[in-house]
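From a predicted model like this one, the values you see are computed outputs, not experimental measurements. Side chains included, hydrogens not; waters and symmetry mates left out as well; all remaining heavy atoms used.
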Amino acid sequence: MKHLLLGDEAIAQGAIDAGLSGVYAYPGTPSTEITEYIQMQNAKGKTGAPIFCRWAANEKTAMEAALGMAYMGKRALVCMKHVGMNVCADAFMNAAITGVNGGLVVVAADDPSMHSSQNEQDSRFYGKFAMIPTIEPSNQQEAYDMTQAAFDLSEKMHTPVLLRVTTRMAHSRAVVETKDAPQAQNAMSLPENVQHFILLPAFAKRNYAELVAAQPEFMRLSETSGHNRYVRGTRPERAIVTCGIAYNYLMEVLHHKDANEWREASVLKITQYPLPETMIRQMVADGAKEVMVIEEGQPVVEELLRGMVPSDVKVTGRLTGELPRMGELSPDCVRKALGMQELSTPEADKIVVGRPPALCQGCGHRDMYAALNEVAREYPQPRIFGDIGCYTLGALSPFHAIHACVEMGASVTMAKGAADAGQHPAIAVIGDSTFTHSGMTGLLDCVNSNANVVVLISDNLTTGMTGGQDSAGTGRLEQICYGVGVEKEHVRVVVPLPKNMEEIKQVLREEINYNGTSVVIARRECIQTLKRHLKQAKK
């Protein structure tokens, strides 16, 4: 069967066809479509047996739940964007020590050029850090095939496997040939050695020794997987090492009619880690004196390669300036790195008028910021700490309303720290989904020290920034705040509409002037999900 699939969808279909029992994720571009595709196929009854596929509160809970399913012998998939790896790092790193019973594949979708992210970190570092196999497909067919291979590898070696893709891989389409039907899901089974999952120091030391002892086998499997491939060139004194989607850019360039002598270089394609040392040694033995590394993301392979080849072999790439140190690669920058003439393509910023992102017309965040700005101007030095979500656009015109935005949940605890330093007013603006993701513990810190902060939860009843997925705290935010310890009279709910502006401003003033921790919930449904719901109601 052939399908036109996004890279994300190819991963999802590969997981389904591998006998997936559960997918756990928190939405984040460019990984969101993996879980959405599985949810859609599940609803259509196209997954064989039903698959558990509800959104988790955050990436840490997703990782832990997936590990729990794998503990029971089932196959589990956990998906996130690259910064989500930071959130789940504790569980991820320790899962490498416990090992797994059923297959466990962790998908990290990196975002070079920071299209919708705070940074462009490279998740391959996490794979090396945890000392587990890492997969990096170069096209959609490989994404489908290698996802299934990753589950097999995970169960064979009793280890989690990291599958890393980047934005262009996740969000581009290609024809993918798939199985006719999913394989059967694993039967439930308990681990043979329960101590493997109990990380008391004595057990953890033994497990860690087993993980270290498994490294040569991980290397052998990498070198014999068939996905890593070395082709000796007719001029082997030059060699190119390329990884993942960058391999496509290289092939596009080398097959162009004006390709230069690099066309005759040896090429080592890497899609499975650890690095295949035997292939690298063969490349050097064939006479390589100059090796260019073309990889999407940070110079992970380039740095490792410098420690693996003789000192007289010149290694070039992002670190030496042939390729840009930051941002996404493209066929044109690969052409430039190989000394070829750049194709004359008009720069986008010269032919397209700049159009900064803005909050939707009719969005409740707009009315919330309008009221907040009016009240904030009544104080000499207000500080408003923002968070990750649609409402982060409040930093831009016309509002210019927030003074910091760092990572998920930081608004609450940064406001607390500012209040601890003597700042007044210290206000946190956070969305409902971000609040349940990682703002609740910060609110508990505020309550425990009676910090003089106002936490403004802009509740649009969904995870709006990533397309309207379910929000974990919908309908329960007040109860959560009460449970954390905020006094009931200081948990206030307002409806952000122009007609309610005076009421909203008065509530904000009262809570700012209260010497303690308070929460204001500005609740109105996201205008985009409201449109969808109204459309569905008419059918």
To the nearest 0.5 angstrom, please state how far the [atom1] atom of [X] sits from the [atom2] atom of [Y].
{"X": "Cys526", "Y": "Arg532", "atom1": "SG", "atom2": "CZ", "result": "7.0 Å"}
{"X": "Asn86", "Y": "Lys60", "atom1": "CG", "atom2": "NZ", "result": "14.0 Å"}
{"X": "Ile245", "Y": "Glu142", "atom1": "CD1", "atom2": "CD", "result": "11.0 Å"}
{"X": "Phe435", "Y": "Asp459", "atom1": "CZ", "atom2": "CG", "result": "10.5 Å"}
{"X": "Leu275", "Y": "Met219", "atom1": "CG", "atom2": "CE", "result": "7.0 Å"}
{"X": "Asp8", "Y": "Thr35", "atom1": "CG", "atom2": "OG1", "result": "9.0 Å"}

So, are [X] and [Y] salt-bridged, with charged N and O less than 4.0 Å apart?
{"X": "Glu296", "Y": "Arg164", "value": "no"}
{"X": "Arg168", "Y": "Glu328", "value": "yes"}
{"X": "Lys336", "Y": "Glu322", "value": "no"}
{"X": "Arg124", "Y": "Asp110", "value": "no"}
{"X": "Arg220", "Y": "Glu223", "value": "no"}
{"X": "Arg235", "Y": "Glu261", "value": "no"}
{"X": "Asp286", "Y": "Arg232", "value": "yes"}
{"X": "Glu9", "Y": "Arg173", "value": "yes"}
{"X": "Asp152", "Y": "Arg75", "value": "yes"}

What verdict does the side-chain contact (heavy atoms from CB on, under 4.5 Å) test give for Ile34 and Leu77, after you've listed the backbone C-alpha separation in whole Å, the side-chain angles of each residue and the deciding distance to 0.1 Å? CA-CA 10 Å; Ile34 301 172; Leu77 183 72; 4.0 Å; yes

Are Val165 and Ile11 packed together at the side-chain level, in the sense that at least one heavy-atom pair is separated by less than 4.5 angstrom?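 SC-SC contact between Val165 and Ile11 confirmed.
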
Counting only N and O atoms by type, is there a donor-acceptor contact under 3.5 Å from the side chain of [X] to the main-chain atoms of [Y]?
{"X": "Arg263", "Y": "Asp258", "value": "no"}
{"X": "Lys81", "Y": "Ser116", "value": "yes"}
{"X": "Gln140", "Y": "Leu5", "value": "no"}
{"X": "Asp122", "Y": "Gly297", "value": "no"}
{"X": "Glu155", "Y": "Gly103", "value": "yes"}
{"X": "Asn42", "Y": "Ile38", "value": "no"}
{"X": "Gln528", "Y": "Gly467", "value": "no"}
{"X": "Glu302", "Y": "Leu319", "value": "yes"}
{"X": "His403", "Y": "Ile384", "value": "yes"}

Looking at [X] and [Y], what are the two nearest heavy atoms and their distance?
{"X": "Ala91", "Y": "Glu64", "answer": "CB-CG, 3.7 Å"}
{"X": "Thr159", "Y": "Phe218", "answer": "CG2-CZ, 3.9 Å"}
{"X": "Ile132", "Y": "Leu162", "answer": "CD1-N, 4.0 Å"}
{"X": "Cys243", "Y": "Val301", "answer": "SG-CG2, 3.6 Å"}
{"X": "Gly327", "Y": "Ser113", "answer": "CA-OG, 3.2 Å"}
{"X": "Pro30", "Y": "Ala170", "answer": "O-CB, 3.4 Å"}

With sequence neighbours excluded, tell me which residues meet side chain to side chain contact (heavy atoms under 4.5 Å, CB included) with Ser411.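 If we apply the side chain to side chain contact (heavy atoms under 4.5 Å, CB included) test to Ser411, skipping adjacent residues, the hits are Phe385, Asp387, Ala428, Ile430.
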
Run the numbers on Glu237 and Ser266 for side chain to side chain donor-acceptor pair (under 3.5 Å), then give the verdict. CA-CA 8 Å; Glu237 64 274 12; Ser266 300; over 6 Å; no

Is the distance between the ring centroids of Tyr391 and Tyr369 under 6.0 Å?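 No - the distance between ring centres of Tyr391 and Tyr369 does not fall below the 6.0 Å cut-off.
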
Pair [X], [Y]: side-chain N/O donor-acceptor within cut-off below 3.5 Å:
{"X": "Asp145", "Y": "His227", "answer": "no"}
{"X": "His365", "Y": "Ser458", "answer": "yes"}
{"X": "Tyr273", "Y": "Asn228", "answer": "no"}
{"X": "His171", "Y": "Glu33", "answer": "yes"}
{"X": "Ser433", "Y": "Tyr26", "answer": "yes"}
{"X": "Asn139", "Y": "Gln141", "answer": "no"}
{"X": "Gln469", "Y": "Thr466", "answer": "yes"}
{"X": "Glu252", "Y": "Asn248", "answer": "no"}
{"X": "Gln13", "Y": "Tyr37", "answer": "yes"}

Apply side chain to side chain donor-acceptor pair (under 3.5 Å) to the pair His3 and Glu177, showing each step before the final yes or no. CA-CA 6 Å; His3 307 273; Glu177 189 168 348; over 6 Å; no

So, using salt bridge (charged side-chain N to carboxylate O under 4.0 Å, His left out) as the criterion, who are the partners of Glu277 when residues are at least two apart?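 For Glu277, the residues satisfying salt bridge (charged side-chain N to carboxylate O under 4.0 Å, His left out) (neighbours in sequence not counted) are Arg281.
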
Can you confirm whether more than 12 heavy atoms, excluding those of Lys179, are under 6.0 Å from its NZ atom?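 It does: Lys179 NZ has more than 12 such atoms within range.
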
Are more than 12 heavy atoms, taken from residues, nucleotides or ligands other than Phe129, located less than 6.0 Å from that residue's CZ atom?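 Not more than 12 within 6.0 Å, no.
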
How far apart are the C-alpha atoms of Leu338 and Met292, what are their side-chain angles, what is the distance that settles it, and do they pass the side-chain contact (heavy atoms from CB on, under 4.5 Å) test? CA-CA 9 Å; Leu338 298 180; Met292 179 172 290; 3.6 Å; yes

Please evaluate residues Ile294 and Tyr249 with respect to the criterion side-chain contact (heavy atoms from CB on, under 4.5 Å), reporting the C-alpha separation (whole Å), side-chain torsions for both, the decisive distance (0.1 Å), and the verdict. CA-CA 9 Å; Ile294 304 174; Tyr249 302 152; 5.8 Å; no

Looking at Asp432, Thr436, Asn460, which one forms a side chain to side chain donor-acceptor pair (under 3.5 Å) with Ser471?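 Answer to the side chain to side chain donor-acceptor pair (under 3.5 Å) test with Ser471 among Asp432, Thr436, Asn460: Asp432.
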
Intermediate values then yes/no, side-chain contact (heavy atoms from CB on, under 4.5 Å), Val313 and Leu305: CA-CA 10 Å; Val313 176; Leu305 204 61; over 6 Å; no

